[in-house]
Asks: 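Below is the structure I would like to discuss, written out as structure tokens.
In the text below, chain A, chain B and the rest are named by the order of the sequence lines, each starting its count at 1. Hydrogens, waters and symmetry mates play no part in the numbers below; they use all other heavy atoms, side chains included.
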There are 2 protein chains.
Amino acid sequence: MKKIDILKKLRSSKLRPTKQRVEIAKFLFEREKTFHFTVESLNKLLIKKSTSKIALATIYNTVHAFKTAGHLSEVEVRGNKTYFDTNVSNHHHFYDSENSELIDIDANEIVIQKIPKAPNGKKIKNVEVFINLKN
Amino acid sequence: MKKIDILKKLRSSKLRPTKQRVEIAKFLFEREKTFHFTVESLNKLLIKKSTSKIALATIYNTVHAFKTAGHLSEVEVRGNKTYFDTNVSNHHHFYDSENSELIDIDANEIVIQKIPKAPNGKKIKNVEVFINLKN
DNA sequence: ATCTAGTTTATAATTATTCTAAAGTGAAAA
DNA sequence: TTTTCACTTTAGAATAATTATAAACTAGAT
Ligand SMILES: [Mn+2]
Ligand SMILES: [Mn+2]
Ligand SMILES: [Zn+2]
Ligand SMILES: [Zn+2]
């Protein structure tokens, strides 16, 4: 991901490209593979990686702005913390509870043959599949 | 569900059948349909229903003991609170985010045709499908 | 009836998250 | 350029869910 794209992501999230925000955005989006993280884990990684300290509140704010703008998705996994995902396409997950790890499953890797119709007056927004793993 | 079954559930959860625990257990298990709840919602309902006051800590303890014993399951839904489910069979859910409501989907209502194989050294424990609803 | 391990409860502690308000900063206007 | 000011960052406070603590209470065995 090029610098210009980082700036585009920030602008489309209604965020001015400040030093802290650019650092967070580069850390999140300048990578090949999907990145699943909690705010806590992201904070720890940024402390190691980055030279300047970034306040936790700034990380919360920035991550939420990216989520609202559609640049991050939220994944619901067991536990008390909120997980985010740099993969915002429609996809599914393996969940390895041994080490609290999410692994992406591409949408076309799962085919559902039969599905119930939505209840009275409701429509189906999307279907999420979780495959829980064991050793 | 008969009283004897309530006592059996308590005993199998390694819980002595105290007044409070019997009240919680009867409220949870003496019903026809699945009951999805948070500790907070359960507490409110018990305050209305029950004569004696039950401490929140007792509700947490009892619900967790039931979960550990397999009499309740935990359902992961968006949000910060933990949901429990009196349906402990393998099943799926509609999730209506408008009113934070879970609706059961029987396991045989969903047929998955294609599924990826578990990663390196892991096995599939179970598959959970969430169908998110909109209006 | 007495005893004792298990239980309840109020309250404190912890954890994740959000709020607040004061100090800082950058880009546009003068 | 200097000024200006809306936007930011940040430390710390506030809130919310959950868990821990420890003293008072009880079920069930003796
Ligand atoms: Mn969660
Ligand atoms: Mn949840
Ligand atoms: Zn993902
Ligand atoms: Zn259910």
Asks: Can you list the steps and then say if A/Lys19 with A/Glu23 is a salt bridge (Lys or Arg N to Asp or Glu O under 4.0 Å)?
Replies: CA-CA 6 Å; A/Lys19 185 159 67 74; A/Glu23 280 212 53; 5.0 Å; no
Asks: Measure NZ/B/Lys14 against P/C/dT7 and give the value in whole Å, please.
Replies: 12 Å
Asks: Give a yes or no answer on whether the side chain of B/Thr62 reaches the backbone of B/Thr58 with a donor-acceptor pair at less than 3.5 Å.
Replies: yes
Asks: Taking the six-membered ring where the residue is Trp, are the ring centres of B/Phe84 and B/Phe37 under 6.0 Å apart?
Replies: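 Yes: the rings meet the under 6.0 Å criterion.
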Asks: Using atom CG of A/Leu10 as one end and atom P of C/dA27 as the other, report the distance to the nearest whole Å.
Replies: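 After rounding, the gap between these two atoms is 13 Å.
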Asks: Can you tell me how far C1' of C/dT18 sits from CG of A/Asn43, to the nearest Å?
Replies: 15 Å
Asks: Considering just the side-chain nitrogens and oxygens of A/Gln20, establish if one lies under 4.0 Å of OP1 or OP2 belonging to D/dT10.
Replies: yes
Asks: For the aromatic rings, using the six-membered ring if either is Trp, is the centroid distance between A/Phe66 and A/Phe29 under 6.0 Å?
Replies: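 That pair passes the under 6.0 Å test.
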Asks: Will you find, in the side chains of B/Asn135 and A/Lys122, an N or O donor that is under 3.5 Å from an N or O acceptor?
Replies: yes
Asks: Please report the distance, rounded to the nearest Å, between CD1 in B/Ile59 and C1' in C/dA10.
Replies: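 The answer, rounded to whole Å, is 14 Å.
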Asks: Quick one: A/Leu15 CG to C/dG26 P, roughly how many Å, whole number?
Replies: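 To the nearest whole Å, that distance equals 16 Å.
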Asks: Report yes if the side chains of B/His91 and B/Asn87 come closer than 4.5 Å at any heavy-atom pair, otherwise no.
Replies: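 SC-SC contact between B/His91 and B/Asn87 confirmed.
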Asks: Atom NE2 in B/His92, atom CG in B/Asp106: separation rounded to 0.5 Å?
Replies: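 Rounded to the nearest 0.5 Å, the NE2-CG separation comes to 8.5 Å.
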Asks: N/O contacts under 3.5 Å, protein versus nucleotides 17-20 of chain D?
Replies:
from, atom 1, to, atom 2, distance (Å)
D/dT18, OP1, B/Thr82, N, 3.1
D/dT18, OP1, B/Thr82, OG1, 3.0
D/dT18, OP2, B/Tyr60, OH, 2.7
D/dT18, O5', B/Tyr60, OH, 3.3

Asks: Restricting both atoms to N or O, compile the protein contacts to nucleotides 23-30 of chain D shorter than 3.5 Å, with distance only.
Replies:
none

Asks: Whole angstrom is fine here: how far is it from CG in A/Asn61 over to P in C/dA16?
Replies: 18 Å
Asks: Nearest-Å distance, CD (A/Glu23) to C1' (D/dT10)?
Replies: 15 Å
Asks: Without swapping roles, check the side chain of A/Thr38 against the backbone of A/Ser41 for a donor-acceptor pair under 3.5 Å.
Replies: yes
Asks: Taking side-chain hydrogen bond (donor to acceptor under 3.5 Å, both in side chains) as the criterion, tell me which of B/Asp104, B/Thr86, B/Asp85 meets it with B/Thr34.
Replies: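 For B/Thr34, the side-chain hydrogen bond (donor to acceptor under 3.5 Å, both in side chains) check succeeds only for B/Asp104.
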